[in-house]
Amino acid sequence: MSVGMRRWRELFTSGFPHLGFYSKVVLIWALIALALSWMAFPLARHHIFPDVDDALRLVQVRDLIAGQGWFDAYQHRINPPAGVQMHWSRIVDFPLAGAILALGLFFKPDTAEVVAIFAVPLILLLLTLLLIARIGRHCFDERTGLIAVTISVLVSAAILQLSPLRIDHHGWLILTSVLALNFLFTHKSGVGGVGAGIAMAVAMSISIETLPLSVVFGAVCALRLLRGESYWLGGYAASLGLSSAALFLATRGLGDMASHCDAMSPGYLSGLFIIAGGSLLAELGFRHTEGPKLLLTAIIIALSVAVATLAVAYSAPHCLLTGAFGELNPLVKALWYDRVLEGLPFWKQDLNIAGLYVLFPVLSSALAWHAAASAQNDKILRWLRVDYAITLCGATILGAMVSRSSATAGVFSTIISSHYINSIISKNDIHEIWGNKIIKLLCIALISFPALPLLFFGSFYKETEQPEGKPCRYWEFLPAFGKESPAKVLAPLDLGPVILERTPHSVVATGHHRGNTGMRDVIAAFTQPTDSAYQIISRHRPEWIVVCPSANELKLYQQFSPDGFWAELSRDEGPEWLRPVAIAPESGMKAWRIIYKDTEGLPPSISLK
């Protein structure tokens, strides 16, 4: 290398002292991204998304690009003409829409869309890995940071949410939560508290499901104030409230001021502002009051939380009493909500899946407390590790209660686990006997992936369930079905988003709880006797019924109601008001045209009133 080139390199690296470290992180990300893209490419060719919510998210982004209003939160092709008001945030739509429009300058529209739905999740993955690496380097050392990035690929709950085609909001929640954790471990309390508050405000604006995690971060900041560390709690609470209000105005506007339970709304904002005021008052009291500061500060914080809870209870009592899903029809709750596994606690999961969700965060929480206890001689380091252990335990409990939240707990866990793995590696001796080396390798494997024994031995005892019926290739059916004139379709809830994404048709309902009435009618239509099903269908006037006979949702309906409409239809005992239509029959999908009768021609038990 020439002297001139060496000098330029020294000047460049002096401005970026950790460039080599982060370059290694980018290299690890590139390898992970390449593997994930290779697995996702065959799916992208057929528009097969990891989850139906990804398909509907793309529909929402397309509508925005096509001119639907920024503050218009309705999905107008679900249960038309009324439509369904979605609780999803434009924060997630905006980067996707921007990427598609920008790539459209260089590619055809379809290609630009595919590139965008690959690129956006992978960029979120890169940012998440960089943040993980930074915490590991900041709290321990560079090798710990690199190990944390490497073993993050074993956190399947998180990697699945940050993979190509996974364009729904869950990847954003992981990123913002890790960003808040980064701010929690900065040296400057003012910047750290404000930054963590902004990050969690973004997370809550995307999904109010992160509200409990924001409480965990707030508890850590409150603990720091009680230890005499100023600006953490006040900065966090104030930025959380102000940023939440700003994001609400920017993404929701003033057109809908109802206190919704499933999204940031005025009821929640009132509580956040009260807590912000109480936190700032506690900060002032702690710094400027003589006497029992701890007791006074604790009382102020407790009172602000109590008053905030009462404010939310007054403006939105249903949110505290029943929650976002409390108003679901009992049929919808039994046959849909209680079957959405990602929203259920770990004890309602399959044993192997529960192990994947829970074991790594639980073990890492224990290691975090052990690390805190081992730092007795360094007060600052001990409290830093206590704060991390509290945050990790909080995230672990939330992940145990709502399985999809375990992704965040898993990502948080990589940091402390990597510290212990690094400790084992650092003690390696080339002259050590092979028995000890094997034990160390087993310890590393169990720390980084504690569910391994459960998965290994569980596979011997778990009976493999053989799928019944021929799997449907809907990617062959939908292009042909999309050539039909746009019409309303009665389809199972899980098929609805796919129909919206691939065709110009509308559907009666999809699996989204704000469409509770339509969901109830879809489930009832498939499970009620045929005469009652006709009455329900007639209220919505769809022109088509489209199903995949081997779908798990329809199997559930048939088990629930062996003599219901779908059970009869599956036995080729369809009523006279249905006309089978052969559309891509090799796909395994089935479609029927609905032929409506006038009132006089209806069976005596049916009334259209």
Main-chain N/O of Met204 paired to Ser207 side chain as donor or acceptor, under 3.5 Å
no
Ignoring hydrogens and geometry, is there a side-chain-to-backbone donor-acceptor pair from Lys348 to Leu341 under 3.5 Å?
no
Side chain Arg77, main chain Leu500, donor-acceptor under 3.5 Å:
yes
Exercise: identify the closest heavy-atom pair between Ala40 and Leu165:
O-CD1, 3.9 Å
Contact between Trp172 and Pro95 at the side-chain level, heavy atoms closer than 4.5 Å - yes or no?
yes
Near Arg579 CZ, under 6.0 Å, is it more than 12 heavy atoms from other residues, nucleotides or ligands?
no
Which word best sums up how the rings of Tyr557 and Phe526 line up, parallel for under 30°, tilted for 30 to 60°, or perpendicular for over 60°?
parallel
Just so I know, are the side chains of Pro164 and Ser37 near enough to count as touching, which here means a heavy-atom distance under 4.5 Å?
yes
Heavy-atom closest pair, residues Val92 and Ile167
CG1-O, 3.8 Å
Value for CZ (Arg57) from CG (Asp54), rounded to nearest 0.5 Å, stands at 9.0 Å
With a 4.5 Å limit on heavy-atom distance, are the side chains of Ser89 and His169 in contact?
no
Decide yes or no for Leu569 and Trp592: does some side-chain heavy atom of the first lie under 4.5 Å from some side-chain heavy atom of the second?
yes
With no hydrogens and no angle check, just 3.5 Å: does a side-chain donor-acceptor pair link Asp93 and Gln60?
yes
Ser403 side chain to Leu344 backbone, donor-acceptor under 3.5 Å
yes
Using only atom types and a distance under 3.5 Å, with no angle test, would you say the side chain of Asp563 pairs donor to acceptor with the backbone of Pro529?
no
What do you reckon, is CZ of Arg45 surrounded by more than 12 foreign heavy atoms closer than 6.0 Å?
no
Given 3.5 Å as the limit, does a donor-acceptor pair link the side chain of Asp168 with the main chain of Asp51, or not?
no
In this structure, are over 12 heavy atoms from other groups packed under 6.0 Å from Phe449 atom CZ?
yes
Inter-residue atom distance Leu56.CG - Gln75.CD, 0.5 Å rounding:
5.5 Å
Under a 3.5 Å distance rule, please check whether Arg593 uses its side chain to pair with a backbone N or O of Pro580 as donor and acceptor.
no
Shortest non-hydrogen contact between Pro549 and Gly588, atoms and distance:
CD-O, 3.2 Å
I want to check something: taking the side chain as every heavy atom from C-beta on, are Ile48 and Tyr474 in contact at a cut-off of under 4.5 Å?
yes
Have a look at Gln161 and tell me which of His170, Arg404, Arg166 forms a side chain to side chain donor-acceptor pair (under 3.5 Å) with it.
Arg166
Would you say the side chains of His47 and Glu501 form a donor-acceptor pair under 3.5 Å?
yes
Full working for ring pair (Phe, Tyr, Trp, His ring centres under 6.0 Å) between Tyr357 and Phe346
CA-CA 7 Å; Tyr357 287 156; Phe346 78 94; 9.5 Å; no
Tell me, do Glu484 and His505 make a side-chain contact under 4.5 Å, heavy atoms counted?
yes
Non-hydrogen side-chain atoms of Asp494 and Asn552 separated by less than 4.5 Å:
no
Is the side chain of Ser259 donor-acceptor paired with the backbone N or O of Ala316 at a distance under 3.5 Å, no angle test?
no
Show your working on salt bridge (Lys or Arg N to Asp or Glu O under 4.0 Å) between Glu543 and Lys488 and close with a plain yes or no.
CA-CA 6 Å; Glu543 297 180 32; Lys488 186 188 290 189; over 6 Å; no
Closest heavy-atom pair and its distance - Gln528, Ile536
CG-CD1, 4.1 Å
With the side chain counted from C-beta on, respond yes when Leu213 and Met200 share a heavy-atom pair under 4.5 Å apart, and no when they do not.
yes
Under the criterion side-chain hydrogen bond (donor to acceptor under 3.5 Å, both in side chains), I'd like the reasoning laid out for Thr530 against Glu568: C-alpha separation, chi angles, the key distance, then a yes or no.
CA-CA 8 Å; Thr530 299; Glu568 291 187 6; 2.8 Å; yes
Which atom names give the shortest non-hydrogen contact between Trp336 and Leu493, and what distance separates them?
CD1-CD1, 4.1 Å
Would you find a donor on one side and an acceptor on the other, under 3.5 Å apart, between the side chain of Thr527 and the backbone of Ile523?
yes
Residues, nucleotides or ligands: over 12 heavy atoms within 6.0 Å of Trp347 CH2:
yes
Ring geometry between Phe565 and Trp577 (parallel below 30°, tilted from 30 to 60°, perpendicular above 60°)
parallel
Which pair of non-hydrogen atoms, one from Ala116 and one from Leu103, has the smallest distance, and what is that distance?
N-CD1, 3.7 Å
Could you walk me through whether Ile545 and Val489 pass the side chain to side chain contact (heavy atoms under 4.5 Å, CB included) check?
CA-CA 6 Å; Ile545 294 178; Val489 180; over 6 Å; no
Side-chain ion pair, Lys590 and Asp572, N-O less than 4.0 Å:
yes
Using the benzene-type ring in the case of Trp, are the ring centres of His87 and His512 under 6.0 Å apart?
no
CZ of Phe41: more than 12 outside heavy atoms within 6.0 angstrom?
no
Does Thr176 reach the main-chain N or O of Leu173 with its side chain, forming a donor-acceptor pair under 3.5 Å?
yes
